[in-house]
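Quick notes on the structure that follows.
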Amino acid sequence: MNSLLYVIAVILVIGWAIAFFFTAVGSLIHVLLVIAVIALLLGIIRRPTAL
């Protein structure tokens, strides 16, 4: 499940970068970045720790 979150985050960051540099959609571009950051944070928070 964690790898799926990372894949989604990477896809969203790439989509944000493409939209940011090639279009002027407005605030929708930044929503993609926020969703990607949230997905990365969830992946880090939910990562099991080996003790």
Side-chain angles (χ1 to χ4, degrees):
M1 184 67 173
N2 285 338
S3 63
L4 181 61
L5 288 174
Y6 289 123
V7 169
I8 292 171
V10 168
I11 290 171
L12 290 173
V13 168
I14 291 171
W16 173 82
I18 291 170
F20 183 76
F21 290 117
F22 296 116
T23 63
V25 177
S27 63
L28 291 177
I29 298 165
H30 301 290
V31 171
L32 287 175
L33 181 62
V34 170
I35 292 171
V37 169
I38 290 171
L40 281 173
L41 288 175
L42 283 175
I44 292 171
I45 290 170
R46 293 183 180 178
R47 180 182 305 162
T49 56
L51 294 175

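The basis for the numbers below is simple: all heavy atoms, side chains too, and nothing from hydrogens, waters or symmetry mates. Not measured: the values here are computed from a predicted model.
For the side chain to side chain contact (heavy atoms under 4.5 Å, CB included) test, residues two or more places apart in sequence or in another chain that qualify with I11 are V7. The side chain to side chain contact (heavy atoms under 4.5 Å, CB included) search around L40 returns Y6, A9, not counting sequence neighbours. Here I14 pairs with V10, I18 under the side chain to side chain contact (heavy atoms under 4.5 Å, CB included) rule; sequence neighbours left out.
Taking hydrophobic clusters as Ile, Leu, Val, Met, Phe, Trp and Tyr residues chained together by side-chain heavy-atom distances below 4.5 Å, V13 does not share a cluster with L41.
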